[in-house]
Amino acid sequence: MTSSGMGKEFLDELKEFIAFLQNMWGILAGISILFPLSNEFFKLIPLRTFDEDGVFNHLSPSLITVITMLICLFIILSTFSSRNTFKTQRKSKIQTRARTSFIVGILALVVYLVIYVVYSEYAWPVWGWGSDDPRKLFVEVPLLVTYSLFFALTTKAFMLLGMIEFFGQER
């Protein structure tokens, strides 16, 4: 097959996948990319600067949200690019991967919350870290990682379930 033929095949599959994203499973998979942005509106997961009674001095919540959304976009495109494996793998194996991703994502959120609370309680009174202390990056970077990991793994779990549904349909 020529490269233009493969490109057309890819575009056709991508169009089908985008059409699939409009159904229930697709909505769940597609909306997961907006999870990090939704936290900006609903403030469910603490992500505030030091000036707002939060903990972040060096990394801004906007930067963390953008990085997390980019990671989620990458997960979605990466999952779609490995679509051929969904045609050959057993459904139960993919479901197990989705469950594992979701559970590890929830654990990452718990770790984030623990670090956030410990950091906010002990950074100044116990450790003596002032507002612009560069040592705060030793805590802010793990907070970025665990926050992003939560959203990335949740996105992956929804994408895996969505891909099962997508490739389970008769075409």
I'd like to know if [Y] and [X] are part of one continuous hydrophobic network [Ile/Leu/Val/Met/Phe/Trp/Tyr, side-chain heavy atoms within less than 4.5 Å].
X: Val114; Y: Tyr122; answer: yes
X: Val111; Y: Val118; answer: yes
X: Phe74; Y: Val145; answer: no
X: Leu63; Y: Tyr119; answer: yes
X: Leu137; Y: Leu143; answer: yes

For the [atom1] atom of [X] and the [atom2] atom of [Y], what is their distance to the nearest 0.5 Å?
X: Thr68; Y: Leu149; atom1: OG1; atom2: CG; value: 10.0 Å
X: Leu70; Y: Ile75; atom1: CG; atom2: CD1; value: 12.0 Å
X: Ile67; Y: Leu144; atom1: CD1; atom2: CG; value: 5.0 Å
X: Arg97; Y: Met163; atom1: CZ; atom2: CE; value: 10.0 Å
X: Ser120; Y: Ile115; atom1: OG; atom2: CD1; value: 12.0 Å
X: Leu153; Y: Met159; atom1: CG; atom2: CE; value: 14.0 Å

Quick check: closest heavy atoms across [X] and [Y], and the distance to 0.1 Å?
X: Ala157; Y: Ala98; value: CB-O, 3.3 Å
X: Ser81; Y: Ser78; value: OG-O, 2.8 Å
X: His58; Y: Pro134; value: NE2-CA, 3.8 Å
X: Val141; Y: Leu59; value: N-CD1, 4.2 Å
X: Ile164; Y: Gln95; value: CD1-CG, 3.6 Å

Tyr112 and Tyr116 aromatic ring geometry - parallel, tilted or perpendicular at 30°/60° bounds: tilted

Between Phe158 and Phe102, what is the ring plane arrangement, given parallel below 30°, perpendicular above 60°, and tilted in between? perpendicular

Just do the side-chain contact (heavy atoms from CB on, under 4.5 Å) check on Leu109 and Thr146 with the steps written out, would you? CA-CA 7 Å; Leu109 177 60; Thr146 54; over 6 Å; no

Pairwise side-chain contact, [X] with [Y], heavy-atom cut-off 4.5 Å (strictly under):
X: Glu140; Y: Val55; result: no
X: Lys136; Y: Phe56; result: no
X: Ser60; Y: Thr65; result: no
X: Phe151; Y: Ile71; result: no
X: Leu47; Y: Ile64; result: yes

